[in-house]
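What follows is a short report on a single structure.
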Amino acid sequence: MGALALTLAGPVSPALAATTPAQVTTGFSGTAYGSYIFNADKTLTSGPTATSSISCTGVTGKSSSNTAAALTVPAVGNVGAATTSVKTLQTATGKRIESKSTINGTNLLGGLITAGAITSESSADKDTAGAFAGTNKTTIADLKVLGVAVGANPGANTVLDLSVPLVGSVGKITLNGQEKRLVNGVYQVSTTALRVEVLKTGLPGLKVGTDIRLGVSSANLEAPRAGYLLGTGFTSRAILATGLINSGPTAVAYLWCGGGTTSANAAGTTIPGLATIGASTTKATGVLTPQPKSTVTNTLGGLNVLNGLIQADAIKAETTATLAPGASTAALTDTSTFTNLRIAGLPAINASVAPNTVVQVAGLGQVTLHKVSKSSSAIIVTMIDVVLSQPIGALPTGSRLQIGYSSTGVTL
């Protein structure tokens, strides 16, 4: 009977092998920054500072880190030096992305809010069963609001009233702001250690809508792809020597990791006392099949810097990144051009100027023309990059002006 029963049962199927942590597939993206301070009409913009970022990749062992010096933002206060990091890794149970932001103290709104070290951490995990999990953590040392001490480990999404003596409530303070959610297959974890929102008048020099964010980290997991696309383009950006953004980026367009098309336009741009730029367009396109490919094109119709010191009839910044089947590095192309470029006093400079040409322009500063940088997976082109040697308009010495920007990449 035992032999008959065995015959009727048939051959025994082998057990399916369990998924190992190394076999877990996922896409990673994460960002951390020290501070981001702005108001609704963007007349005040500082940061994001010390930004670290990993995006559009499915590879573990990636890392990004950054630092920024302490800064002072008028009417807002002082923000200490910032250190940030993002990394992807394999764990004993699957794959993980971690991000962390630390600020070395702050004094805001004339002492209404003070703190020692401020740290936020976010992580997202995917295990061998395909389940997601995330963690948020905030630590704020020596935090005081209106002179009253607040614990170093506030509960999730703790909200305090921002009340000014003799004025009353003008906004709110959120401590340990947390989010965990699954949106269209993307698992998102984010933490903001300290956020101040100005909702009413009453704080000198600050408009309603002012938003102060300190210690921000995010970690995301998404479905794996055949490749991950990168792309950004803009027409102009002016950055003060302190790191504050004075203007732009204008006509900025970003490419999604999974491709598609985005675009932006600007009728014209004026950077007071320094430059005027004609109508411009930025277009970012990408596909994953038949092979991953991203292209970003920024075109602008005319440039005049300092009443004719630098002129061009048109500028095109255009880059492309393509990943062939089986390849581990991307093919990178640069098809950027100047039309009728000229610089007063430098007749040798024309539209055929070689990439990464650096010249000193009297009355302006150091100018890099057709600036190109490459890695194994990405390319960045800035057609005109100026570092001021003297104050011009609202821009102090050391400020940077970037005109005609295109970056593309493809990663595994």
Point to revise | Side-chain donor-acceptor pair present, T411, T57, cut-off under 3.5 Å | key: no
Practice item. Could you check if a side-chain atom of N265 sits within less than 4.5 angstrom of a side-chain atom of T281, using non-hydrogen atoms only? Key: yes
Review point. Are side-chain N/O atoms of S52 and T84 paired as donor and acceptor at under 3.5 Å?
Key: yes
Review point. Are side-chain heavy atoms of L112 and V164 found at a separation under 4.5 Å?
Key: yes
Practice item. Go through the steps to decide whether T88 and T60 satisfy the test side chain to side chain donor-acceptor pair (under 3.5 Å), and finish with yes or no. Key: CA-CA 5 Å; T88 64; T60 57; 5.5 Å; no
Exercise for review: Please report the C-alpha distance between N176 and Q178 in whole Å, then the side-chain angles of each, then the deciding distance to 0.1 Å, and finally whether the side chain to side chain contact (heavy atoms under 4.5 Å, CB included) criterion is met.
Suggested key: CA-CA 6 Å; N176 192 16; Q178 298 186 5; 3.1 Å; yes
Practice item. Could you tell me which residues satisfy ring pair (Phe, Tyr, Trp, His ring centres under 6.0 Å) with F234, sequence neighbours excluded, listed by chain and number? Key: Y405
Exercise for review: Considering non-hydrogen atoms only, spot the tightest contact between A251 and T282 and give its length.
Suggested key: O-OG1, 2.6 Å
Point to revise | Plane angle bin for F38 and Y36 - parallel if under 30°, tilted between 30 and 60°, otherwise perpendicular | key: tilted
Check your understanding: Has the side chain of S99 got a donor or acceptor atom that lies under 3.5 Å from a matching backbone atom of S218?
Key -> yes
Review point. Do S122 and S217 have a side chain donor and acceptor closer than 3.5 Å?
Key: yes
Review point. Just wondering, do T106 and I118 contact through their side chains at under 4.5 Å, heavy atoms?
Key: yes
Check your understanding: Quick one: side chain to side chain contact (heavy atoms under 4.5 Å, CB included) partners of S263, sequence neighbours excluded?
Key -> none
Practice item. Determine yes or no for a side-chain-to-main-chain donor-acceptor pair under 3.5 angstrom, with T289 supplying the side chain and Q291 the backbone. Key: no
Practice item. Quick one: pull up CD1 in I392 and CG in L306 and give me the separation to the nearest 0.5 Å. Key: 4.5 Å
Review point. Would you say the side-chain atoms of S294 pair up with the backbone N or O of G409, donor to acceptor, closer than 3.5 Å?
Key: yes
Practice item. Could you grab the distance from atom CZ of R342 to atom CG of L309, nearest 0.5 Å is fine? Key: 12.0 Å
Exercise for review: Just jot down the side chain to side chain contact (heavy atoms under 4.5 Å, CB included) partners of T297, sequence neighbours excluded, or say none.
Suggested key: T295, T299, K316, E318
Study note, to complete from the structure: Residue pairs passing the ring pair (Phe, Tyr, Trp, His ring centres under 6.0 Å) test with at least one member in residues 377-397, sequence neighbours excluded, are none
Exercise for review: Could you tell me whether the side chains of S85 and S65 share a donor-acceptor contact shorter than 3.5 Å?
Suggested key: no
Review point. Would you say L44 and V73 make side-chain contact, with heavy atoms under 4.5 Å?
Key: yes
Point to revise | Side-chain heavy atoms of V196 within contact of L109, under 4.5 Å | key: yes
Check your understanding: side chain to side chain contact (heavy atoms under 4.5 Å, CB included) between I403 and L300: does it pass, once the steps are laid out?
Key -> CA-CA 9 Å; I403 298 171; L300 61 96; 3.7 Å; yes
Exercise for review: Check whether more than 12 heavy atoms from other residues, nucleotides or ligands sit under 6.0 Å from atom CG of N307, and answer yes or no.
Suggested key: no
Review point. Under a 4.5 Å cut-off applied to non-hydrogen side-chain atoms, are I140 and T138 in contact?
Key: yes
Check your understanding: Cut-off 3.5 Å, side chains only: do T276 and N304 have a donor facing an acceptor?
Key -> no
**Study point:** Sequence-distant partners of V367, side chain to side chain contact (heavy atoms under 4.5 Å, CB included), two or more places apart
**Key:** I310, V359, V361, L364, L369, I384, V386
Exercise for review: Indicate yes or no: at least one non-hydrogen side-chain atom of N220 is less than 4.5 angstrom from one of Y187.
Suggested key: no
Practice item. Could you tell me which non-hydrogen atom of L288 sits nearest to which non-hydrogen atom of C257, and how far apart they are? Key: CD2-O, 4.4 Å
Check your understanding: Do N136 and V189 pass the side chain to side chain contact (heavy atoms under 4.5 Å, CB included) test, and can you show the C-alpha distance, the side-chain angles, and the key distance before you say yes or no?
Key -> CA-CA 7 Å; N136 309 81; V189 182; 3.5 Å; yes
Exercise for review: Verify, without hydrogens or angle tests, whether S375 (side chain) and S377 (backbone) share a donor-acceptor contact under 3.5 angstrom.
Suggested key: yes
Check your understanding: Hey, is CG on D142 packed in by over 12 heavy atoms from elsewhere, all under 6.0 Å?
Key -> no
Practice item. Write down the atom of P21, the atom of G94, and the distance for their closest heavy-atom approach. Key: CB-N, 3.7 Å
Review point. Does one side chain, of T135 or S123, offer a donor that lies under 3.5 Å from an acceptor on the other?
Key: yes
Practice item. Quick one: do T72 and N78 satisfy side chain to side chain donor-acceptor pair (under 3.5 Å)? Show the steps, please. Key: CA-CA 4 Å; T72 298; N78 303 317; 2.8 Å; yes
Practice item. Any chance you could measure I239, atom CD1, to L395, atom CG, to the nearest 0.5 Å? Key: 10.5 Å
Point to revise | Closest approach of T67 to A50 (non-hydrogen atoms, all atoms of both residues) | key: C-CB, 3.7 Å
Point to revise | Polar side-chain atom of K95 near backbone of V24 as donor-acceptor pair, under 3.5 Å | key: yes
Review point. Would you say the side-chain atoms of T210 and N39 include a donor-acceptor pair closer than 3.5 Å?
Key: no
Review point. Nearest heavy-atom pair of T269 and A266: which atoms, and what distance?
Key: OG1-CB, 4.3 Å
Practice item. State whether a side-chain donor-acceptor pair under 3.5 Å links S101 with S120. Key: no
Exercise for review: Decide if atom NZ of K100 counts as having more than 12 heavy atoms of other residues, nucleotides or ligands within a radius under 6.0 Å.
Suggested key: no
Practice item. Tell me yes or no: between the side chains of D385 and T368, is some donor less than 3.5 Å from an acceptor? Key: no
Check your understanding: Is there a donor-acceptor pair under 3.5 Å between the side chain of T174 and the backbone N or O of V159?
Key -> no
Exercise for review: Check salt bridge (Lys or Arg N to Asp or Glu O under 4.0 Å) between D211 and all other residues, then give those that pass, not counting sequence neighbours.
Suggested key: R195, R213
Review point. Hey, is the main chain of T339 close enough, under 3.5 Å, to the side chain of D313 for a donor-acceptor pair?
Key: no
Study note, to complete from the structure: Rounded to the nearest 0.5 angstrom, the CD-NZ distance for Q188 and K180 is 13.0 Å
Check your understanding: Are D161 and K172 ion-paired here, with the side-chain N under 4.0 Å from a carboxylate O?
Key -> no
Exercise for review: Using the side chain to side chain donor-acceptor pair (under 3.5 Å) rule, take S236 and T250 through it: C-alpha gap first, then chi angles, then the decisive distance, then the call.
Suggested key: CA-CA 5 Å; S236 66; T250 60; 2.9 Å; yes
Check your understanding: Going by heavy atoms in the side chains, are L89 and E98 under 4.5 Å from each other?
Key -> yes
Revision key, fill the gap. Taken to the nearest 0.5 Å, the spacing of I97 CD1 from K62 NZ works out to 12.0 Å
Point to revise | Non-hydrogen atoms of V372 and P355 that approach each other most closely | key: CG2-CB, 4.0 Å
Exercise for review: Could you walk me through whether T49 and V79 pass the side chain to side chain contact (heavy atoms under 4.5 Å, CB included) test, one step at a time?
Suggested key: CA-CA 10 Å; T49 62; V79 179; over 6 Å; no
Point to revise | Interatomic distance, L303 atom CG to M383 atom CE [nearest 0.5 angstrom] | key: 11.0 Å
Exercise for review: With side chain to side chain donor-acceptor pair (under 3.5 Å) as the test, would you mind laying out the steps for S53 and S64 before giving the verdict?
Suggested key: CA-CA 6 Å; S53 179; S64 172; over 6 Å; no
